[in-house]
Amino acid sequence: QVQLVESGGGLVQAGGSLRLSCAASGRTFSQYNMAWFRQVPGKERECVARISWSGGSTYYADSVKGRFTISRDNAKNTVYLQLNSLKPEDTAVYYCAATRHLGIVLVATLYDYWGQGTQVTVSS
């Protein structure tokens, strides 16, 4: 069982930065591949970044590539998402999620555990 708690969201102007954190409980965090999804009302959750259990492999959606960076610290049971050069279209609720599925898993239904979400709002 893994419990995930996100933090770090907020209101920022376009061009600004935020750092999201996701703290995980449990001693098996390092066995999970982790991802950050985002969701706006009326749309499906979109995987914006994913990182392998070791941190050696990452994936980014084209919409955030070059602006967002995912990282993890297995000693601290925490995964991060650095958001730079934010745009109004990045406004969403951001969720972290954990899966034991191997590979670049982008489908939300294949993730086993979810956090409660943190709101990111980017003003123009």
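Keep in mind that the numbers below use all heavy atoms, side chains included, and drop hydrogens, waters and symmetry copies. All figures in this text were calculated on a predicted structure; none of them were measured in a lab.
For Q3, the side-chain hydrogen bond (donor to acceptor under 3.5 Å, both in side chains) criterion is met by no residue, not counting sequence neighbours. Residues satisfying the side-chain hydrogen bond (donor to acceptor under 3.5 Å, both in side chains) criterion with T58, sequence neighbours excluded, are absent altogether. For R67, the side-chain hydrogen bond (donor to acceptor under 3.5 Å, both in side chains) partners at least two apart in sequence or on another chain are D90.
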Could you check R45 against Y94 for side-chain contact (heavy atoms from CB on, under 4.5 Å), going step by step and ending with a plain yes or no? CA-CA 9 Å; R45 289 186 185 185; Y94 284 72; over 6 Å; no
Please evaluate residues N84 and F68 with respect to the criterion side-chain contact (heavy atoms from CB on, under 4.5 Å), reporting the C-alpha separation (whole Å), side-chain torsions for both, the decisive distance (0.1 Å), and the verdict. CA-CA 6 Å; N84 295 331; F68 291 8; 6.0 Å; no
The test is side-chain contact (heavy atoms from CB on, under 4.5 Å); show your working for R38 and V93 and say whether it passes. CA-CA 5 Å; R38 67 185 180 188; V93 178; over 6 Å; no
Checking side-chain contact (heavy atoms from CB on, under 4.5 Å) for the pair T91/Q119: CA distance, chi angles, key distance, verdict? CA-CA 8 Å; T91 295; Q119 176 71 47; 4.0 Å; yes
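Inter-residue side-chain proximity for Y113 and Y32 is flagged as met; some heavy-atom pair is nearer than 4.5 Å. A 4.5 Å side-chain heavy-atom check between S71 and Q82 finds every atom pair outside the cut-off. A heavy-atom distance below 4.5 Å is found between the side chains of Q31 and R100. By the 4.5 Å heavy-atom criterion applied to side chains, L81 and T69 are not counted as neighbours. Using a 4.5 Å heavy-atom cutoff, the side chains of R72 and Y80 are not in contact.
Taking Ile, Leu, Val, Met, Phe, Trp and Tyr as members and joining any whose side-chain heavy atoms lie under 4.5 Å apart, directly or through other members, W53 forms no hydrophobic cluster with any other residue.
With rounding to the nearest 0.5 Å, the separation of CD in Q13 from OG1 in T121 is 13.0 Å. Separation of atoms OH (Y59) and CG (L106) is listed at 4.5 Å; rounding is to 0.5 Å. Atom CE in M34 sits 8.0 Å away from atom CD1 in I70 (nearest 0.5 Å).
Y95 and V122 are assigned to two separate hydrophobic clusters, defined by single-linkage of ILVMFWY side chains at heavy-atom distances under 4.5 Å. F37 is connected to V105 through a chain of hydrophobic side-chain contacts under 4.5 Å among Ile, Leu, Val, Met, Phe, Trp and Tyr, so both are in one cluster. No continuous path of hydrophobic side-chain contacts links Y111 to V48 [ILVMFWY only; heavy atoms under 4.5 Å]. Both I51 and Y60 belong to a common hydrophobic cluster when Ile, Leu, Val, Met, Phe, Trp and Tyr are linked at side-chain heavy-atom distances under 4.5 angstrom. Note on I104 and L110: separate hydrophobic clusters, where clusters join Ile, Leu, Val, Met, Phe, Trp and Tyr whose side-chain heavy atoms are under 4.5 Å apart, directly or indirectly.
When every heavy atom of E46 is checked against every heavy atom of A61, the shortest pair comes out as OE2-CB, 4.2 Å. What you find for A24 and F29 is that their closest heavy atoms are CB-CD1, 3.3 Å.
Between the side chains of T99 and N33, not a single donor N or O lies within less than 3.5 Å of an accepting N or O.
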Listed pairs under 3.5 Å, donor-acceptor, residues 4-12 side chains, sequence neighbours left out:
unit_1 : atom_1 : unit_2 : atom_2 : d
E6     : OE1    : Q116   : N      : 2.9
E6     : OE1    : G117   : N      : 2.9
E6     : OE2    : C96    : N      : 2.8
E6     : OE2    : G117   : N      : 3.3

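Note on residues 35-68: no pairs pass disulfide (SG to SG under 2.5 Å), not counting sequence neighbours.
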